[in-house]
Amino acid sequence: MPVSERALELAMTAAQAAADKKAQDIVVIDVGDQLYITDAFVIASASNDRQVVAIVDAVEEALLNLPEKAKPVRREGERQGRWVLLDYVDIVIHIQHAEEREFYALDKLWKDCPMIPFVDRDLADAEAS
């Protein structure tokens, strides 16, 4: 079953908010056919603990500012700032320190699932110019 419109809206908003805070290697994965508990994962990396926290704050703010506000039902890992998981039911967002991202390799774990294209609007604007 394809990702719902709501999940796609949340995922793209979260991915853009992460990109705006200079997150690296942002991917959106459609896990709906493999997991019944969520439609998509958004995974992004940061180079240090403070950036992880800044990205998490930006993502939460962006999703709260949607016309149909979204708040996470669960938040884990915020104290350490190495890997923060935000569960929005329709999507699960993983913001990881680059070292954790490499070690746990969620991208490889879910490699059989389809990727949902995400293009940072700043990059798209730069290419259009």
Side-chain angles (χ1 to χ4, degrees):
M1 184 170 147
V3 174
S4 70
E5 283 186 41
R6 175 67 173 162
L8 189 59
E9 174 189 32
L10 293 173
M12 292 299 118
T13 301
Q16 187 59 57
D20 291 345
K21 287 293 180 182
K22 307 300 183 220
Q24 303 142 2
D25 301 323
I26 301 167
V27 296
V28 181
I29 305 171
D30 178 350
V31 296
D33 287 341
Q34 302 295 322
L35 292 174
Y36 71 92
I37 58 172
T38 193
D39 287 345
F41 284 167
V42 176
I43 306 171
S45 302
S47 57
N48 60 60
D49 302 358
R50 293 182 78 185
Q51 188 183 16
V52 169
V53 173
I55 293 167
V56 168
D57 290 345
V59 166
E60 287 185 311
E61 183 179 336
L63 294 177
L64 273 174
N65 287 330
L66 288 173
E68 190 178 329
K69 296 177 197 274
K71 292 176 81 173
V73 296
R74 192 175 77 187
R75 180 186 299 123
E76 294 183 13
E78 201 166 23
R79 184 173 298 156
Q80 294 82 15
R82 302 288 293 179
W83 179 353
V84 178
L85 178 145
L86 300 171
D87 184 350
Y88 284 86
V89 180
D90 293 323
I91 66 168
V92 175
I93 303 164
H94 301 269
I95 308 298
Q96 298 175 298
H97 190 287
E99 293 170 2
E100 270 68 12
R101 175 89 178 258
E102 185 177 332
F103 182 80
Y104 290 101
L106 292 179
D107 310 67
K108 292 179 185 169
L109 183 64
W110 296 98
K111 71 178 188 274
D112 294 336
C113 296
M115 300 292 256
I116 300 170
F118 165 71
V119 177
D120 180 354
R121 72 171 166 252
D122 291 342
L123 294 177
D125 292 346
E127 289 177 8
S129 299

>> Quick check against the 3.5 Å criterion: does Thr38 have a side-chain atom that pairs as donor or acceptor with the backbone of Val89?
In response: yes

> Between CD of Glu99 and OG of Ser47, what distance do you get to the nearest 0.5 Å?
Replying inline: 10.5 Å

> With a 4.5 Å limit on heavy-atom distance, are the side chains of Asp120 and Ile26 in contact?
Replying inline: no

>> side-chain contact (heavy atoms from CB on, under 4.5 Å), that's the test. Do Tyr88 and Val42 meet it? Break it down for me.
In response: CA-CA 11 Å; Tyr88 284 86; Val42 176; over 6 Å; no

> Between Val28 and Ala15, what is the shortest heavy-atom contact and its length?
Replying inline: CG2-CB, 4.3 Å

> Minimum heavy-atom separation for Val3 to Asp39, with atom names?
Replying inline: CG2-O, 3.9 Å

>> Using 0.5 Å steps for rounding, measure from the CD1 atom of Ile93 to the CG atom of Leu63.
In response: 5.5 Å

>> So which atom in Ala70 and which in Arg6 form the shortest heavy-atom distance, rounded to 0.1 Å?
In response: CB-NH2, 3.5 Å

> Under the side-chain contact (heavy atoms from CB on, under 4.5 Å) criterion, do Asp20 and Asp122 qualify, and how do the steps go?
Replying inline: CA-CA 8 Å; Asp20 291 345; Asp122 291 342; 4.0 Å; yes

> Are Ile29 and Tyr104 grouped together when hydrophobic residues (ILVMFWY) are joined by side-chain heavy atoms under 4.5 angstrom apart?
Replying inline: yes

> When rounded to the nearest 0.5 angstrom, what is the spacing between CD in Glu60 and CZ in Arg75?
Replying inline: 4.0 Å

> Are Phe103 and Val27 linked, directly or through other ILVMFWY residues, by side chains that come within less than 4.5 angstrom of each other?
Replying inline: yes

> Does Gln51 use its side chain to pair, donor to acceptor, with the backbone of Lys21 at less than 3.5 Å?
Replying inline: yes

> Hey, any chance Val31 and Tyr36 share a hydrophobic cluster, counting ILVMFWY side chains that come within less than 4.5 Å of each other, even indirectly?
Replying inline: yes

> Where do Asp30 and Gly32 come nearest, in terms of heavy atoms and distance?
Replying inline: OD1-N, 3.1 Å

> Between Val59 and Ala18, what is the shortest heavy-atom contact and its length?
Replying inline: CG2-N, 4.1 Å

> Taking side chain as C-beta onward, heavy atoms only, is Trp83 less than 4.5 Å from His97?
Replying inline: no

> Do Asp25 and Gln96 have side chains that get closer than 4.5 Å, going by heavy atoms?
Replying inline: no

> Which heavy atom of Ser45 sits nearest a heavy atom of Arg101, and at what distance?
Replying inline: OG-NH1, 2.7 Å

> To the nearest 0.5 Å, how far apart are CZ in Phe41 and CG in Leu85?
Replying inline: 8.0 Å

> Taking the side chain as C-beta and beyond, is there a heavy-atom pair between Lys71 and Leu64 under 4.5 Å?
Replying inline: yes

> Yes or no on side-chain contact (heavy atoms from CB on, under 4.5 Å) for Trp110 and Leu35, after CA distance, side-chain angles and deciding distance?
Replying inline: CA-CA 11 Å; Trp110 296 98; Leu35 292 174; 3.7 Å; yes

> Going from CG on Leu86 to CG on Leu10, what distance comes out if it is rounded to the nearest 0.5 angstrom?
Replying inline: 11.5 Å

>> Can you confirm whether Glu76 is buried at CD, in the sense that more than 12 heavy atoms of other residues, nucleotides or ligands lie under 6.0 Å from that atom?
In response: yes

> With the 4.5 Å side-chain cut-off for hydrophobic clustering, are Val53 and Ile55 part of the same group?
Replying inline: no

> Please walk me through it: do Val92 and Arg74 pass side-chain contact (heavy atoms from CB on, under 4.5 Å)?
Replying inline: CA-CA 9 Å; Val92 175; Arg74 192 175 77 187; over 6 Å; no

> Would you say Leu106 and Ile116 are hydrophobically clustered, going by side-chain heavy atoms of ILVMFWY under 4.5 Å?
Replying inline: no

>> To the closest 0.5 Å, what do you measure between CG (Asn48) and CZ (Arg82)?
In response: 9.5 Å

